Amino acid sequence: MILRISLFMTLIIAAPASVQAAKVVLVAGGGSGPDRVIQPFAVDFDAAGNILFVEMNGGERLRQISPDGTLSTLAGTGSKGVPGTDGPALQATFNGMHNLVVAPNGIIYLADTFNHRIRVYDPKSKTVKPFAGTGVKGFAGDGGPATEAKFSQTICIALSRDAKTLYVADIGNKRVRAIDTSSTIVRTVAGTGQAGVPKDGEPAIEQPLVDPRAVAVDSKGNLYILERGGHALRVVGTDGKIRTVAGTGKAGKGGDGGPALKAAFNGPKYLSVDPDDTILITDTENHQIRRYIPGKEMIELVAGSGKRGAGGLDGPPEKVELARPHGAITDPKTGAIYIADSDNDRVLKIVKE
(Lines give C-alpha, C1' and ligand atoms only; values in the text may rest on other atoms or scores of the structure.)
Protein backbone atom coordinates (compact mmCIF):
# COMPACT_ATOMS: atom_id res chain seq x y z
CA MET A 1 0.00 0.00 0.00
CA ILE A 2 1.12 3.51 -0.67
CA LEU A 3 0.28 6.87 0.76
CA ARG A 4 0.75 10.25 -0.87
CA ILE A 5 2.82 12.46 1.41
CA SER A 6 2.46 16.22 1.22
CA LEU A 7 5.62 18.17 1.71
CA PHE A 8 4.93 21.08 4.01
CA MET A 9 7.35 23.91 3.32
CA THR A 10 8.01 26.33 6.10
CA LEU A 11 8.62 30.01 5.76
CA ILE A 12 12.12 31.14 4.88
CA ILE A 13 13.73 32.39 8.03
CA ALA A 14 15.25 35.82 7.94
CA ALA A 15 18.97 35.88 8.63
CA PRO A 16 21.85 38.29 8.32
CA ALA A 17 23.17 38.71 4.80
CA SER A 18 26.35 36.85 5.73
CA VAL A 19 24.39 33.81 6.96
CA GLN A 20 22.43 31.52 4.68
CA ALA A 21 18.81 31.27 5.86
CA ALA A 22 17.42 27.83 6.65
CA LYS A 23 14.02 26.24 6.59
CA VAL A 24 12.54 23.02 7.89
CA VAL A 25 10.46 20.65 5.80
CA LEU A 26 8.16 17.91 7.03
CA VAL A 27 8.93 15.05 4.67
CA ALA A 28 6.74 12.31 6.13
CA GLY A 29 4.69 11.63 9.22
CA GLY A 30 1.99 13.26 11.24
CA GLY A 31 -0.77 11.19 9.64
CA SER A 32 -2.96 8.37 10.87
CA GLY A 33 -4.12 4.98 9.71
CA PRO A 34 -2.27 1.73 9.03
CA ASP A 35 0.30 3.37 6.75
CA ARG A 36 1.30 6.15 9.12
CA VAL A 37 4.97 6.60 9.97
CA ILE A 38 5.87 4.83 13.22
CA GLN A 39 9.14 5.46 15.07
CA PRO A 40 11.48 6.14 12.15
CA PHE A 41 15.06 5.13 12.93
CA ALA A 42 17.84 6.18 10.55
CA VAL A 43 17.61 7.43 6.96
CA ASP A 44 19.57 6.72 3.80
CA PHE A 45 19.29 7.34 0.05
CA ASP A 46 19.57 5.29 -3.12
CA ALA A 47 20.91 6.23 -6.56
CA ALA A 48 17.42 6.95 -7.89
CA GLY A 49 16.81 9.67 -5.30
CA ASN A 50 14.51 7.63 -3.07
CA ILE A 51 14.64 8.20 0.69
CA LEU A 52 14.80 4.99 2.73
CA PHE A 53 14.15 4.56 6.44
CA VAL A 54 13.36 1.80 8.91
CA GLU A 55 10.72 1.83 11.61
CA MET A 56 11.48 0.41 15.01
CA ASN A 57 9.04 -0.59 17.73
CA GLY A 58 5.48 -0.70 16.39
CA GLY A 59 6.52 -0.28 12.78
CA GLU A 60 8.95 -3.09 11.95
CA ARG A 61 9.10 -2.06 8.28
CA LEU A 62 11.50 -0.79 5.63
CA ARG A 63 9.88 2.25 4.01
CA GLN A 64 10.62 4.35 0.93
CA ILE A 65 9.73 7.90 -0.04
CA SER A 66 10.03 8.46 -3.78
CA PRO A 67 11.07 11.81 -5.28
CA ASP A 68 7.39 12.66 -5.93
CA GLY A 69 6.55 12.16 -2.24
CA THR A 70 4.97 8.71 -2.45
CA LEU A 71 5.46 6.64 0.69
CA SER A 72 5.55 2.87 0.27
CA THR A 73 6.50 -0.20 2.28
CA LEU A 74 9.30 -2.29 0.81
CA ALA A 75 9.66 -4.94 3.49
CA GLY A 76 7.97 -6.05 6.68
CA THR A 77 4.47 -7.09 7.65
CA GLY A 78 4.27 -4.47 10.38
CA SER A 79 4.33 -7.15 13.05
CA LYS A 80 7.29 -8.08 15.24
CA GLY A 81 8.71 -11.51 14.78
CA VAL A 82 11.66 -13.82 14.36
CA PRO A 83 13.21 -13.94 10.91
CA GLY A 84 11.53 -17.19 9.91
CA THR A 85 11.90 -18.13 6.28
CA ASP A 86 13.53 -15.43 4.22
CA GLY A 87 11.84 -14.70 0.94
CA PRO A 88 9.23 -12.18 -0.27
CA ALA A 89 10.02 -8.90 1.47
CA LEU A 90 6.47 -7.97 2.34
CA GLN A 91 6.09 -11.26 4.19
CA ALA A 92 9.26 -10.79 6.25
CA THR A 93 9.14 -10.04 9.96
CA PHE A 94 11.68 -8.03 11.93
CA ASN A 95 12.37 -7.32 15.58
CA GLY A 96 13.41 -3.78 16.41
CA MET A 97 15.29 -2.66 13.31
CA HIS A 98 17.54 0.25 14.29
CA ASN A 99 19.51 1.02 11.19
CA LEU A 100 20.00 0.54 7.46
CA VAL A 101 22.60 1.31 4.84
CA VAL A 102 22.23 1.39 1.05
CA ALA A 103 25.11 -0.13 -0.90
CA PRO A 104 26.23 1.27 -4.28
CA ASN A 105 24.71 -1.76 -6.02
CA GLY A 106 21.30 -0.94 -4.55
CA ILE A 107 21.28 -3.71 -1.94
CA ILE A 108 19.99 -2.48 1.42
CA TYR A 109 21.55 -3.87 4.58
CA LEU A 110 19.17 -3.98 7.56
CA ALA A 111 20.20 -4.13 11.22
CA ASP A 112 17.57 -6.54 12.58
CA THR A 113 18.67 -5.68 16.09
CA PHE A 114 16.77 -7.89 18.50
CA ASN A 115 16.96 -10.84 16.12
CA HIS A 116 20.75 -10.39 16.40
CA ARG A 117 21.11 -10.50 12.64
CA ILE A 118 21.88 -8.41 9.59
CA ARG A 119 19.67 -9.04 6.60
CA VAL A 120 19.59 -7.65 3.07
CA TYR A 121 16.77 -6.36 0.94
CA ASP A 122 17.21 -6.91 -2.80
CA PRO A 123 15.23 -4.27 -4.72
CA LYS A 124 15.33 -6.30 -7.94
CA SER A 125 13.86 -9.52 -6.55
CA LYS A 126 11.98 -7.75 -3.73
CA THR A 127 13.20 -10.36 -1.30
CA VAL A 128 14.87 -10.38 2.12
CA LYS A 129 17.86 -12.66 2.63
CA PRO A 130 20.22 -13.43 5.54
CA PHE A 131 23.67 -11.86 5.60
CA ALA A 132 25.07 -12.14 9.12
CA GLY A 133 24.14 -13.72 12.43
CA THR A 134 22.54 -17.02 13.36
CA GLY A 135 19.66 -15.37 15.16
CA VAL A 136 20.93 -16.69 18.49
CA LYS A 137 22.31 -14.06 20.87
CA GLY A 138 25.95 -14.57 21.75
CA PHE A 139 29.52 -13.96 20.67
CA ALA A 140 31.20 -16.31 18.22
CA GLY A 141 32.41 -16.63 14.67
CA ASP A 142 35.37 -14.28 14.24
CA GLY A 143 37.48 -15.60 11.40
CA GLY A 144 34.52 -17.41 9.81
CA PRO A 145 31.53 -16.66 7.59
CA ALA A 146 29.02 -14.07 8.80
CA THR A 147 25.97 -16.34 8.65
CA GLU A 148 27.63 -18.64 11.21
CA ALA A 149 28.66 -15.83 13.57
CA LYS A 150 26.80 -14.83 16.71
CA PHE A 151 26.03 -11.22 17.61
CA SER A 152 24.31 -9.54 20.53
CA GLN A 153 22.03 -6.77 19.26
CA THR A 154 23.23 -5.66 15.83
CA ILE A 155 22.28 -2.09 16.56
CA CYS A 156 24.05 -0.05 13.89
CA ILE A 157 25.85 -0.78 10.63
CA ALA A 158 27.98 1.30 8.25
CA LEU A 159 29.77 0.69 4.96
CA SER A 160 33.30 1.75 4.15
CA ARG A 161 33.50 4.20 1.25
CA ASP A 162 34.58 1.43 -1.12
CA ALA A 163 31.73 -0.77 0.14
CA LYS A 164 34.17 -3.62 0.78
CA THR A 165 33.60 -3.66 4.55
CA LEU A 166 30.43 -3.53 6.62
CA TYR A 167 31.03 -2.35 10.18
CA VAL A 168 28.70 -3.53 12.95
CA ALA A 169 28.12 -1.95 16.35
CA ASP A 170 27.67 -5.21 18.26
CA ILE A 171 26.50 -3.38 21.34
CA GLY A 172 25.62 -6.35 23.54
CA ASN A 173 29.12 -7.74 23.02
CA LYS A 174 30.73 -4.32 23.57
CA ARG A 175 32.60 -4.69 20.31
CA VAL A 176 32.70 -3.26 16.83
CA ARG A 177 33.05 -5.98 14.24
CA ALA A 178 33.79 -5.83 10.52
CA ILE A 179 32.44 -8.06 7.76
CA ASP A 180 34.10 -8.40 4.36
CA THR A 181 31.15 -7.92 1.99
CA SER A 182 32.70 -10.28 -0.57
CA SER A 183 33.98 -13.19 1.53
CA THR A 184 31.64 -12.39 4.51
CA ILE A 185 34.46 -13.19 6.94
CA VAL A 186 33.94 -11.54 10.36
CA ARG A 187 36.58 -9.94 12.58
CA THR A 188 36.64 -7.66 15.63
CA VAL A 189 38.13 -4.19 15.09
CA ALA A 190 37.42 -2.55 18.47
CA GLY A 191 36.57 -3.70 21.97
CA THR A 192 37.46 -6.66 24.13
CA GLY A 193 33.99 -7.52 25.36
CA GLN A 194 34.68 -5.82 28.69
CA ALA A 195 32.96 -2.60 29.72
CA GLY A 196 35.16 0.44 30.22
CA VAL A 197 36.61 3.63 28.82
CA PRO A 198 39.40 2.96 26.31
CA LYS A 199 42.84 4.53 26.77
CA ASP A 200 43.88 6.99 24.10
CA GLY A 201 46.55 5.84 21.72
CA GLU A 202 46.19 2.13 22.42
CA PRO A 203 45.18 -0.59 19.91
CA ALA A 204 41.39 -0.60 19.67
CA ILE A 205 41.15 -4.39 19.81
CA GLU A 206 42.93 -4.35 23.17
CA GLN A 207 40.72 -1.72 24.80
CA PRO A 208 37.26 -1.95 26.40
CA LEU A 209 34.24 -0.02 25.21
CA VAL A 210 31.33 1.26 27.28
CA ASP A 211 28.54 0.53 24.80
CA PRO A 212 29.19 1.14 21.08
CA ARG A 213 25.84 2.43 19.82
CA ALA A 214 26.75 3.67 16.34
CA VAL A 215 29.55 3.51 13.80
CA ALA A 216 30.54 5.46 10.68
CA VAL A 217 33.60 5.65 8.42
CA ASP A 218 35.09 8.77 6.82
CA SER A 219 36.78 9.09 3.43
CA LYS A 220 40.23 8.43 4.93
CA GLY A 221 39.18 5.16 6.55
CA ASN A 222 38.87 6.47 10.11
CA LEU A 223 36.24 4.54 12.06
CA TYR A 224 34.07 6.65 14.38
CA ILE A 225 32.33 4.98 17.33
CA LEU A 226 29.55 6.71 19.27
CA GLU A 227 28.90 5.46 22.80
CA ARG A 228 25.43 5.84 24.27
CA GLY A 229 26.18 5.30 27.95
CA GLY A 230 29.74 6.52 27.47
CA HIS A 231 28.37 9.87 26.25
CA ALA A 232 31.35 10.21 23.94
CA LEU A 233 32.61 10.02 20.38
CA ARG A 234 35.72 7.96 19.72
CA VAL A 235 37.75 7.27 16.59
CA VAL A 236 39.89 4.37 15.48
CA GLY A 237 42.55 5.64 13.10
CA THR A 238 43.92 3.75 10.14
CA ASP A 239 46.72 2.61 12.46
CA GLY A 240 44.15 0.73 14.56
CA LYS A 241 44.59 2.94 17.62
CA ILE A 242 41.63 4.46 19.44
CA ARG A 243 41.14 7.85 21.04
CA THR A 244 38.27 9.90 22.41
CA VAL A 245 37.57 13.05 20.39
CA ALA A 246 34.33 14.46 21.84
CA GLY A 247 32.33 14.29 25.04
CA THR A 248 33.16 14.48 28.72
CA GLY A 249 32.03 10.92 29.40
CA LYS A 250 29.21 12.14 31.64
CA ALA A 251 25.62 12.88 30.67
CA GLY A 252 24.96 16.58 30.20
CA LYS A 253 24.18 19.35 27.78
CA GLY A 254 26.14 22.21 26.30
CA GLY A 255 29.52 23.10 24.90
CA ASP A 256 28.49 24.07 21.39
CA GLY A 257 31.03 26.37 19.79
CA GLY A 258 33.79 25.15 22.07
CA PRO A 259 36.29 22.32 22.44
CA ALA A 260 34.77 18.95 21.61
CA LEU A 261 36.23 17.22 24.67
CA LYS A 262 34.46 19.72 26.93
CA ALA A 263 31.09 19.32 25.22
CA ALA A 264 28.47 17.18 26.96
CA PHE A 265 26.13 14.64 25.37
CA ASN A 266 23.19 12.73 26.77
CA GLY A 267 22.64 9.25 25.41
CA PRO A 268 23.71 9.92 21.81
CA LYS A 269 22.35 7.24 19.48
CA TYR A 270 23.50 7.80 15.89
CA LEU A 271 26.20 9.35 13.76
CA SER A 272 26.96 9.86 10.09
CA VAL A 273 29.79 11.35 8.07
CA ASP A 274 29.21 14.37 5.84
CA PRO A 275 30.88 14.65 2.43
CA ASP A 276 33.43 17.03 4.02
CA ASP A 277 34.24 14.43 6.72
CA THR A 278 32.57 16.35 9.52
CA ILE A 279 30.46 14.16 11.80
CA LEU A 280 26.74 14.54 12.48
CA ILE A 281 25.83 13.30 15.96
CA THR A 282 22.26 12.55 16.97
CA ASP A 283 22.23 13.57 20.63
CA THR A 284 19.03 11.71 21.37
CA GLU A 285 18.21 12.46 24.99
CA ASN A 286 19.10 16.14 24.47
CA HIS A 287 16.71 16.18 21.47
CA GLN A 288 19.38 17.79 19.30
CA ILE A 289 21.57 17.20 16.25
CA ARG A 290 25.18 18.34 16.65
CA ARG A 291 28.33 18.32 14.56
CA TYR A 292 31.91 17.35 15.36
CA ILE A 293 34.52 19.16 13.25
CA PRO A 294 37.80 17.22 12.98
CA GLY A 295 40.88 19.41 12.75
CA LYS A 296 39.18 22.20 14.66
CA GLU A 297 38.16 19.67 17.36
CA MET A 298 34.94 21.59 17.99
CA ILE A 299 31.25 20.85 18.46
CA GLU A 300 28.50 22.94 16.92
CA LEU A 301 24.71 22.82 17.08
CA VAL A 302 22.90 21.84 13.89
CA ALA A 303 19.27 21.52 15.00
CA GLY A 304 17.08 21.23 18.05
CA SER A 305 16.17 23.63 20.82
CA GLY A 306 16.95 21.00 23.45
CA LYS A 307 13.31 20.96 24.50
CA ARG A 308 11.34 17.80 23.77
CA GLY A 309 8.35 18.65 21.63
CA ALA A 310 6.98 18.92 18.11
CA GLY A 311 6.91 22.67 17.54
CA GLY A 312 9.10 25.12 15.73
CA LEU A 313 8.66 23.98 12.15
CA ASP A 314 8.22 27.63 11.14
CA GLY A 315 11.46 28.66 12.79
CA PRO A 316 15.18 28.15 12.24
CA PRO A 317 16.66 24.66 12.80
CA GLU A 318 18.11 25.58 16.20
CA LYS A 319 14.58 26.41 17.40
CA VAL A 320 12.80 23.29 16.18
CA GLU A 321 11.58 20.87 18.84
CA LEU A 322 12.50 17.23 18.44
CA ALA A 323 11.53 14.13 20.42
CA ARG A 324 14.33 11.61 20.88
CA PRO A 325 15.66 11.61 17.32
CA HIS A 326 17.55 8.49 16.24
CA GLY A 327 19.11 9.52 12.96
CA ALA A 328 20.54 12.44 11.01
CA ILE A 329 22.26 12.29 7.64
CA THR A 330 23.14 14.64 4.80
CA ASP A 331 21.94 13.90 1.29
CA PRO A 332 25.20 14.01 -0.71
CA LYS A 333 23.38 15.26 -3.81
CA THR A 334 21.43 18.16 -2.31
CA GLY A 335 23.18 18.93 0.97
CA ALA A 336 19.87 18.74 2.85
CA ILE A 337 19.99 17.16 6.31
CA TYR A 338 17.35 14.54 7.06
CA ILE A 339 16.32 13.77 10.63
CA ALA A 340 14.52 10.68 11.92
CA ASP A 341 12.45 12.43 14.62
CA SER A 342 11.53 9.14 16.20
CA ASP A 343 9.11 9.85 19.02
CA ASN A 344 7.29 12.42 16.89
CA ASP A 345 6.77 9.70 14.23
CA ARG A 346 8.08 11.92 11.47
CA VAL A 347 10.98 12.51 9.09
CA LEU A 348 12.18 16.10 8.75
CA LYS A 349 14.47 17.84 6.31
CA ILE A 350 16.59 20.93 6.87
CA VAL A 351 17.58 22.85 3.78
CA LYS A 352 19.37 26.14 3.14
CA GLU A 353 18.00 28.86 0.91
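Note that the structure is a prediction, hence the values are computed from the model and not measured.
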* List for me each residue that meets side-chain contact (heavy atoms from CB on, under 4.5 Å) alongside S183, sequence neighbours excluded, and say none if there are none. => D180, I185
* Taking all atoms of both residues into account, what is the closest heavy-atom pair of T181 and A163, and its distance? -> OG1-O, 2.8 Å
* To do: Under the side-chain contact (heavy atoms from CB on, under 4.5 Å) rule, what do I107 and D122 come out as? Steps first, then yes or no, please.
  => CA-CA 5 Å; I107 292 293; D122 186 336; 3.8 Å; yes
* To do: Without swapping roles, check the side chain of D345 against the backbone of Q39 for a donor-acceptor pair under 3.5 Å.
  => yes
* Does a side-chain heavy-atom distance below 4.5 Å link P268 with H231? -> yes
* Structure fact -> Value for CZ (R61) from OG (S72), rounded to nearest 0.5 Å, stands at 10.5 Å
* Which salt bridge (charged side-chain N to carboxylate O under 4.0 Å, His left out) pairs, counting each pair once, include a residue from residues 135-160, with sequence neighbours left out? -> D142-R177
* To do: Ignoring hydrogens and angles, tell me if any N or O in the side chain of T330 forms a donor-acceptor pair with the backbone of G335 under 3.5 Å.
  => no
* **Step-by-step ring-ring contact (aromatic ring centres under 6.0 Å, His included) determination, Y270 to H326** => CA-CA 6 Å; Y270 188 83; H326 280 77; 9.1 Å; no
* Structure fact -> For Y167, the other hydrophobic cluster members (4.5 Å side-chain criterion, sorted by chain and number) are V176, V189, L209, V215, V217, L223, I225, V236, I242
* For residues V136 and H116, determine if any side-chain heavy atom of one lies less than 4.5 Å from a side-chain heavy atom of the other. => no
* Counting heavy atoms not belonging to K253, are there more than 12 under 6.0 Å from its NZ? -> yes
* Hey, any chance L301 and I337 share a hydrophobic cluster, counting ILVMFWY side chains that come within less than 4.5 Å of each other, even indirectly? -> no
* Asked: Measuring from K241:NZ to K199:NZ, what's the distance to the nearest 0.5 Å?
  -> 14.0 Å
* Structure fact -> Here the salt bridge (charged side-chain N to carboxylate O under 4.0 Å, His left out) pairs for residues 315-335, sequence neighbours left out, are E285-R324, K307-E321, R324-D343
* Minimum-distance pair of heavy atoms, taken over all atoms of N286 and A264 -> ND2-O, 4.2 Å
* **Residues that, via side-chain heavy atoms closer than 4.5 angstrom, fall in one hydrophobic cluster with V210** => V197
* Asked: In terms of hydrophobic clustering (I, L, V, M, F, W, Y; side-chain heavy atoms under 4.5 Å; direct or indirect links), are L26 and V302 co-clustered?
  -> yes
* To do: Would you check, one step at a time, whether the test side-chain contact (heavy atoms from CB on, under 4.5 Å) holds for F131 with Y109?
  => CA-CA 8 Å; F131 178 74; Y109 293 90; 4.0 Å; yes
* Asked: Is there a side-chain contact between V43 and L52, using heavy atoms and a 4.5 Å cut-off?
  -> no
* To do: Provide the closest heavy-atom pair for P67 versus G49 in the form atom of the first, atom of the second, distance.
  => CG-O, 3.7 Å
* Asked: Are L71 and I51 co-members of a hydrophobic cluster defined by side-chain heavy atoms under 4.5 Å apart?
  -> yes
* Give a yes or no answer on whether the side chain of K269 reaches the backbone of G267 with a donor-acceptor pair at less than 3.5 Å. => yes
* Asked: Do I329 and D44 come within less than 4.5 Å of each other through their side chains, counting heavy atoms only?
  -> yes
* State plainly whether one hydrophobic cluster holds both L110 and L166, where clusters connect Ile, Leu, Val, Met, Phe, Trp and Tyr through side-chain heavy atoms under 4.5 angstrom apart. => no
* With side chains defined as the heavy atoms from C-beta onward, is the minimum distance between D283 and R290 less than 4.5 Å? -> yes
* Measure from the side-chain N and O atoms of E55 to the backbone N and O of E60, and report whether any donor-acceptor pair falls under 3.5 Å. => no
* Residues that P259 engages under side-chain contact (heavy atoms from CB on, under 4.5 Å), provided they are two or more places apart -> K262
* Asked: Heavy atoms, side chains only, cut-off 4.5 Å: are L74 and L90 in contact?
  -> no
* Asked: How far does CG of N115 sit from CZ of R119, to the nearest 0.5 angstrom?
  -> 6.5 Å
* **Non-neighbouring partners of A195 that pass side-chain contact (heavy atoms from CB on, under 4.5 Å), sequence neighbours left out** => K174
* pair D170-S152: side-chain heavy atoms closer than 4.5 Å -> yes
* Asked: Any donor-acceptor pair under 3.5 Å linking the side chain of N344 with the backbone of G309?
  -> yes
* Distance in Å, K23 NZ paired with I350 CD1, rounded so as to fall on 0.5 Å steps -> 12.5 Å
* **F45 and Y338: CA distance, side-chain angles, deciding distance, ring-ring contact (aromatic ring centres under 6.0 Å, His included) verdict** => CA-CA 10 Å; F45 318 95; Y338 286 76; 5.2 Å; yes
* Structure fact -> Tightest non-hydrogen contact, residues V320 and P317, listed as CG1-O, 3.0 Å
* Evaluate the side-chain contact (heavy atoms from CB on, under 4.5 Å) criterion for residues I339 and V347: first the C-alpha distance (whole Å), next the side-chain angles of each, then the deciding distance (0.1 Å), finally the verdict. => CA-CA 6 Å; I339 300 172; V347 177; over 6 Å; no
* Asked: If only atom types and distance count, is the side chain of T188 paired as donor or acceptor with the main-chain N or O of A190 below 3.5 Å?
  -> no
* Gap between atom OG of S305 and atom NE2 of H287 - 0.5 Å precision -> 9.0 Å
* If you group Ile, Leu, Val, Met, Phe, Trp and Tyr by side-chain heavy-atom gaps below 4.5 Å, do F139 and V186 land in one group? -> no
* Structure fact -> Interatomic distance, OG1@T282 vs CD@Q288, rounded to 0.5 Å, equals 11.5 Å
* Any sub-3.5 Å donor-acceptor pair from D68's side-chain atoms to T70's backbone N or O? -> yes
* Asked: Apart from I299 itself, what residues make up its hydrophobic cluster when side-chain heavy atoms of I, L, V, M, F, W and Y under 4.5 Å apart count as a link, directly or indirectly?
  -> Y224, L226, L233, V235, V245, F265, L271, V273, I279, I281, Y292
* Are the side chains of E297 and L261 in touch, meaning some heavy atoms are under 4.5 Å apart? -> no
* Check T165 against A178 and note the closest heavy-atom contact, atom names and distance. => CG2-CB, 3.7 Å
* Determine yes or no for a side-chain-to-main-chain donor-acceptor pair under 3.5 angstrom, with T154 supplying the side chain and R117 the backbone. => yes
* Hydrophobic cluster partners of I171 (side-chain heavy atoms under 4.5 Å) -> I155
* Minimum heavy-atom distance A42-A340, with the two atoms named -> N-CB, 3.6 Å
* Backbone N/O of A310 and side chain of R346: donor-acceptor pair under 3.5 Å -> yes
* Asked: Between the side chain of N173 and the main-chain N/O of R175, is any donor-acceptor distance below 3.5 Å?
  -> no
* D200/T244 under side-chain contact (heavy atoms from CB on, under 4.5 Å): CA gap, chis, key distance, verdict -> CA-CA 7 Å; D200 281 359; T244 300; 3.9 Å; yes
Show which side-chain atoms of residues 96-104 pair as donor or acceptor with protein atoms under 3.5 Å away, not counting sequence neighbours.
unit_1	atom_1	unit_2	atom_2	d
H98	ND1	G96	O	2.8
H98	ND1	T113	OG1	3.0
N99	OD1	I157	N	2.7

* **salt bridge (charged side-chain N to carboxylate O under 4.0 Å, His left out): pairs with one or both residues in residues 215-229, sequence neighbours excluded** => D211-R228, K220-D277, E227-R234
* Structure fact -> Sorted by chain and number, sequence neighbours left out, side-chain contact (heavy atoms from CB on, under 4.5 Å) with A75 holds for L62, A89, F94, Y121, V128
